[in-house]
There are 2 protein chains.
Amino acid sequence: MNQKARLDTIIHFLNEHQNISVDEACKLLDASPATVRRDFKLLSANGEVEKNWGGISRKIDYPSDMKPLTYRSTHFIEEKKAIARKASDLVQDGEVVMIDGGTTTLELSKILAHKKIRIITNSLLIVNNIHIERNGWEGAEVFLTGGFLYPDSGMLVGPEANKNLMGYHADWAFLSAGGINESGLTNSNQLVVETERTMIEQAEKTIVLADYSKIGIKSMCQVCGFDKIDRLVTNDKLEDEHFALLQANGLDEQNIILV
Amino acid sequence: MNQKARLDTIIHFLNEHQNISVDEACKLLDASPATVRRDFKLLSANGEVEKNWGGISRKIDYPSDMKPLTYRSTHFIEEKKAIARKASDLVQDGEVVMIDGGTTTLELSKILAHKKIRIITNSLLIVNNIHIERNGWEGAEVFLTGGFLYPDSGMLVGPEANKNLMGYHADWAFLSAGGINESGLTNSNQLVVETERTMIEQAEKTIVLADYSKIGIKSMCQVCGFDKIDRLVTNDKLEDEHFALLQANGLDEQNIILV
DNA sequence: ATTATTTTGATTAATTTTGAACGAATTAAA
DNA sequence: TTTAATTCGTTCAAAATTAATCAAAATAAT
């Protein structure tokens, strides 16, 4: 493996994980510590990663408008993956799934890409990742809604997107959360919220994926009340106060899936 | 295996993988290191790939979660770019443009991305590239059709895609060609051809982009006859025989734009 | 069929990269 | 604070990669 291939492998690894140590990289690249250190030095000199004692880590907080369709938040990657894995267990072969945009639902889509299901989404980022995950015609069939491409988030929104969603019927709607508070589910973009509402309408069951940092947070736009949420998948790092908030609104052990 | 075949094999390999080493290429091409190096040198001199110690890699290294649906290297890239540049001159600010999938139309979309126009397309590849090309909210507004994502080509097809296209009206339809022969425009995928037909219906003027290698070729599916083609943009390497073919079907100096 | 031209593969010397060793620097433990 | 254990960066010899040269093989032209 030559240098360029090694650097690519490291970057690829960091897209999936938060950080990588010298030892891990040695195994991954089949190279000596000296070489790995030289590679790390190169990457950090280029400003692509952050150097720290024992390894390197992803730079937190990309300027989001610079890398439009790539990963946003690099925080809680492992937590999000765990939540996604748990949520994916709900889905059986042959079912139809609607997936909202968001970093946690993105992880979910990577897993679901391998199942024999139909996926309907309005997120370009998710479609791109499914395309990478699966092999040609194997795995899930994908249906994308049409509509206006919202530049920042890479999501398709507007009346056309909604009309498209209304043309489909799904077993599950997997939604991401901007925040969950006493009034229910909220998100930051009005146009995206519209499509989320439509997904809720068109699906049998609505599942919300939210790591613990989202509970107690209120975003600008109201998506729906707790009555529409059938299941909430979240971390077990949940504070008592937040757990009480959920229970007071009708979500109990049955509906809350902790990972 | 001759040189042309080797270069094609390498390019094809690089469409699937990020990079290729000299050793890998030796096995893949059944050739000696010396020959492989000469090939690598050629490709990098042409600017088609990036040279690095121990091998070559794809020139444009977009974020890993967009790879398959982004750039695919091709031959005749400069010709295609030249055709795209010429075609883009037709479009004025404020107009609405439909763009078909294809490598030449892809180049066109990169140019049009910077104009103050509206772009309607059913190609994910094109949408991704526009997204990269322009800066957030600057440049063209993009509308994507919904539909079934055809795995290989990354295009949205099927009844939903057609219905979406029929909801829009455009000044221009820019189509790519699988082949152009005495019966008119042909392409290889039945479902894609359907959307191309719809684009022709919904646009004021239909422009076909085709490098000279496409003239005289017949693909499986008929898109339309010459009567629907308002302009053909192609190279001036056109053979006399092919030029005659075009003229015999009503395309003259007025309609054929040579670059 | 013969000759000229191009392409290929082996050889070699120069250059670059790599891995191991070791002292310096940093963190963790006592 | 002192000590032990990692980790880091650098040096240097070994290994790998490259470009150049040249003869053999393949291809094209006469």
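Residue pairs that meet the salt bridge (Lys or Arg N to Asp or Glu O under 4.0 Å) test with at least one member in residues 242-259 of chain B, sequence neighbours left out, do not exist here.
Scanning for side-chain contact (heavy atoms from CB on, under 4.5 Å) contacts around A:I111 gives A:A84, A:R85, A:S88, with sequence neighbours left out. For A:E241, the side-chain contact (heavy atoms from CB on, under 4.5 Å) partners two or more places apart in sequence, or in a different chain, are A:E239.
The existence of a salt bridge linking A:D23 and A:K27 is excluded, since no basic side-chain nitrogen approaches an acidic carboxylate oxygen closer than 4.0 Å.
Taking only side-chain nitrogens and oxygens, A:R37 never comes nearer than 4.0 Å to OP1 or OP2 of D:dG9.
One atom, CD of A:E24, and another, P of D:dT6, lie 17 Å apart when rounded to the nearest Å. The interatomic distance linking A:K41 (NZ) with D:dC8 (P) rounds to 12 Å, in whole Å.
Interatomic distance, CG of A:N129 versus CG of A:L106, reported as 4.5 Å (0.5 Å rounding).
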What string of B, S and - do you get for nucleotides 14-30 of chain C 5' to 3' if you count protein non-hydrogen atoms under 4.0 Å? --SSBBB-----S----
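Axis orientation changes by 40° from one end of the helix from C:dA1-D:dT30 to C:dA30-D:dT1 to the other, with each end axis drawn from 5 pairs and the value rounded to 10°.
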Please walk me through it: do A:L29 and A:M1 pass side-chain contact (heavy atoms from CB on, under 4.5 Å)? CA-CA 7 Å; A:L29 308 171; A:M1 181 138 54; 4.1 Å; yes
Under 3.5 Å, which donor-acceptor pairs link side chains of residues 175-182 of chain B to any protein atom two or more places apart or in another chain?
from   : atom 1 : to     : atom 2 : distance (Å)
B:S176 : OG     : B:D100 : OD2    : 3.1
B:S176 : OG     : B:G101 : O      : 2.7
B:N181 : OD1    : B:S183 : N      : 3.4
B:N181 : OD1    : B:S183 : OG     : 3.1

